[in-house]
Amino acid sequence: MKYLFMIIAVFCSGKHLSAQILFVDVNSGKPSARGTREEPLLSIEDAVNRANKFQDKKDVVIKLAPGLYTLTRPLLIEGSGLVNNYSIEALIMPDDTNWLPVKMPVIQVTADSNRAGKLQHASIAIEIERNNVSIKGIKFLGNPNPSSEYFYAIERKDKALKNLEISQCYFIGEKNSAAIQGAIFAQGEGIHIDHCIFYNCKNAVLSFLNVKDFSLTHSIIYGAYEAAFWFGYGEDAGLPFIFRNNIIANSNYAIVGYKGTRQNYIFSNSVFADNKYYLGFNGDIIEPDTLNKPTENNIQKTGKVILNEITAEGIPKNYLNPSSISTGKELKAGIFMKDFN
């Protein structure tokens, strides 16, 4: 069966490319639809299954309309041999003038477990098995199924893969009802996380194997009750990495590295506030790291990070972003790339 999809022209690095775009709307779509803006597909699974079968090397873009997308199986993004870019992104992005929190697509997994291989007791939302993937403008919630021991929102297991961009996404967990064991669990080169908010996840970012060309920028990690950021596992974790304009607050450990491997961390223009520990070693248990002496450029370790939260009046447009009286508000960390008005 031949599927019709919309072809649009885009410009990337000065070159004219065409992209295959599939639109998804959980409220009005249909499984057999063409996948155009006027006739969207019903589910992300429909779009991913269709996109994974595309044979040419044009970019793939899956655009999600507002709504709640529930998953029982991981979205398997395949085709690591292809060189085209593959993006799953919100139809309305946070910097668009008509964006509101209620217009953000939400992904929630409800399976007891759906992960193959090691950690089969875990559940996954997006499993990446190809190069050149980006995830943009999506909110991920924790898994409320009590039989799911671990939940990872985005996972890339293969350390040989390259280029993963995650931007303007929320990861919101609640340890007593819908926990997130790890928001992003990714190996390999070219991992770039920008303008994301991790709120009450057990662990926000975990990257261990062959981690080169890594950046974490303009992001907020708040309330990570095990560790905010795990980095490096052995000698194949290449440093330095880019860490700037971030806020890590109210967490247990801020940074955890591999025990026995000394990392020369460089932290720039960031806030570490009200964390129980600054650095830790990853062993049988996490223990404080007293060996590393990071290079700190404009690092603040005092003050109070205050986020805009939901109130009786409703959901503020800049919710979970730093309030006007918060430490670190000048860093422009949070969900918006443009100045918030």
Side-chain angles (χ1 to χ4, degrees), residues 44-45 47-49 51-52 62 64 69-80 86-89 106-136 138-145 147-167 169-173 178-194 196 198 201-216 219 221 224 226-233 236-237 256 282:
I44 313 177
E45 296 97 325
V48 168
N49 290 338
N52 286 345
I62 297 174
L64 305 182
Y69 296 83
T70 57
L71 303 174
T72 57
R73 293 180 294 178
L75 297 170
L76 185 61
I77 311 302
E78 298 179 297
S80 60
Y86 192 122
S87 178
I88 301 178
E89 59 191 54
V106 178
I107 292 179
Q108 185 167 45
V109 172
T110 59
D112 53 358
S113 62
N114 61 17
R115 188 184 192 276
K118 190 178 180 181
L119 297 179
Q120 292 187 19
H121 52 287
S123 56
I124 308 292
I126 298 178
E127 180 70 46
I128 297 170
E129 296 187 357
R130 56 158 293 148
N131 295 322
N132 308 320
V133 173
S134 59
I135 312 294
K136 302 177 182 179
I138 299 172
K139 182 196 294 183
F140 294 86
L141 300 181
N143 187 345
N145 191 325
S147 297
S148 177
E149 185 173 344
Y150 290 166
F151 167 65
Y152 301 99
I154 298 172
E155 182 180 67
R156 190 178 79 174
K157 292 184 289 187
D158 189 346
K159 68 178 183 180
L161 293 178
K162 298 180 180 180
N163 303 330
L164 172 61
E165 176 189 354
I166 302 168
S167 60
C169 291
Y170 283 101
F171 301 85
I172 301 176
I180 295 178
Q181 171 72 15
I184 300 171
F185 186 8
Q187 324 285 14
E189 299 183 31
I191 299 169
H192 300 290
I193 302 165
D194 186 46
C196 288
F198 305 84
C201 303
K202 184 176 182 180
N203 304 282
V205 180
L206 305 101
S207 295
F208 300 113
L209 301 176
N210 195 33
V211 184
K212 299 178 177 66
D213 182 25
F214 178 98
S215 65
L216 177 64
S219 293
I221 303 176
E226 185 167 43
F229 176 35
W230 298 67
F231 184 84
Y233 197 88
D236 64 351
V256 175
N282 176 17

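Sequential numbering from 1 along the given sequence is applied to the chain's residues. Worth knowing before you read on, the calculation uses all heavy atoms, side chains too, and leaves out hydrogens, waters and symmetry mates.
- Proximity of Phe231 to Leu216: side-chain heavy atoms (C-beta onward) are nowhere separated by under 4.5 Å.
- Every residue was checked against the side-chain hydrogen bond (donor to acceptor under 3.5 Å, both in side chains) condition with Gln187, not counting sequence neighbours, and none meets it.
- Within the model, atoms CD of Glu78 and CG of Asn49 stand 8.5 Å from one another, a figure rounded to the nearest 0.5 Å.
- Using the six-membered ring where Trp is involved, Phe208 and Trp230 have ring planes that are perpendicular, over 60° apart on the 30 and 60° scheme.
- Applying the side-chain contact (heavy atoms from CB on, under 4.5 Å) rule to Glu165 yields the partners Ser134, Lys136, Ser167; only residues at least two apart in sequence or on another chain are considered.
- In this structure the side chain of Cys169 reaches within 4.5 angstrom of the side chain of Ile135, judged on heavy atoms.
- Aromatic pair Phe229/Phe214: ring centres closer than 6.0 Å.
- To the nearest 0.5 Å, atom CD1 of residue Ile138 and atom CD1 of residue Ile107 are 4.5 Å apart.
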Quick one, Phe171 with Ile184, criterion side-chain contact (heavy atoms from CB on, under 4.5 Å). Give me CA distance, side-chain angles, the key distance, then yes/no. CA-CA 9 Å; Phe171 301 85; Ile184 300 171; 4.0 Å; yes
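- Lys162 is linked by a side-chain contact (heavy atoms from CB on, under 4.5 Å) to Asn131, Glu189, counting only residues two or more places apart in sequence or in another chain.
- For Asn163, the side-chain hydrogen bond (donor to acceptor under 3.5 Å, both in side chains) partners two or more places apart in sequence, or in a different chain, are Asn132.
- Looking at residues two or more places apart in sequence or on another chain, you find a side-chain contact (heavy atoms from CB on, under 4.5 Å) between Ala51 and Leu22, Phe54, Val60, Ile62, Tyr86.
- Using a 4.5 Å heavy-atom cutoff, the side chains of Glu226 and Gln181 are in contact.
- Put simply, the side chain of Ile77 reaches to within 4.5 Å of the side chain of Val48, judged on heavy atoms.
- When each of Ile124, Leu206, Ile126 is paired with Glu155, the side chain to side chain contact (heavy atoms under 4.5 Å, CB included) condition holds for Ile124 and for no other.
- The heavy-atom pair separating Ser148 from Ser123 by the smallest distance is OG-OG, 2.8 Å.
- Two residues are said to be in side-chain contact when any heavy atoms from C-beta on lie closer than 4.5 Å; Val133 and Arg156 fail this criterion.
- With hydrogens and angles disregarded, no donor-acceptor distance shorter than 3.5 Å links the side chain of Thr72 to the backbone of Ala111.
- Closest non-hydrogen pair, Ile191 versus Gly188, comes out as CD1-O, 3.6 Å.
- Under the side-chain contact (heavy atoms from CB on, under 4.5 Å) criterion, Ala204 pairs with Phe198, Ile221, not counting sequence neighbours.
- Atom CG in Leu75 sits 10.5 Å away from atom CD1 in Ile154 (nearest 0.5 Å).
- Listed for the Asn143 side chain is no donor-acceptor partner under 3.5 Å among the backbone atoms of Phe151.
- Of the inter-residue distances, the one linking Ile128 atom CD1 with Ile166 atom CD1 reads 6.0 Å to the nearest 0.5 angstrom.
- Legend: residues meeting side-chain hydrogen bond (donor to acceptor under 3.5 Å, both in side chains) with Glu45, ordered by chain and number and at least two apart, are Ser43.
- In this structure, OG1 on Thr70 lies 8.0 Å from CD on Gln108, to the nearest 0.5 angstrom.
- For Ser215, the side-chain hydrogen bond (donor to acceptor under 3.5 Å, both in side chains) partners are His192, not counting sequence neighbours.
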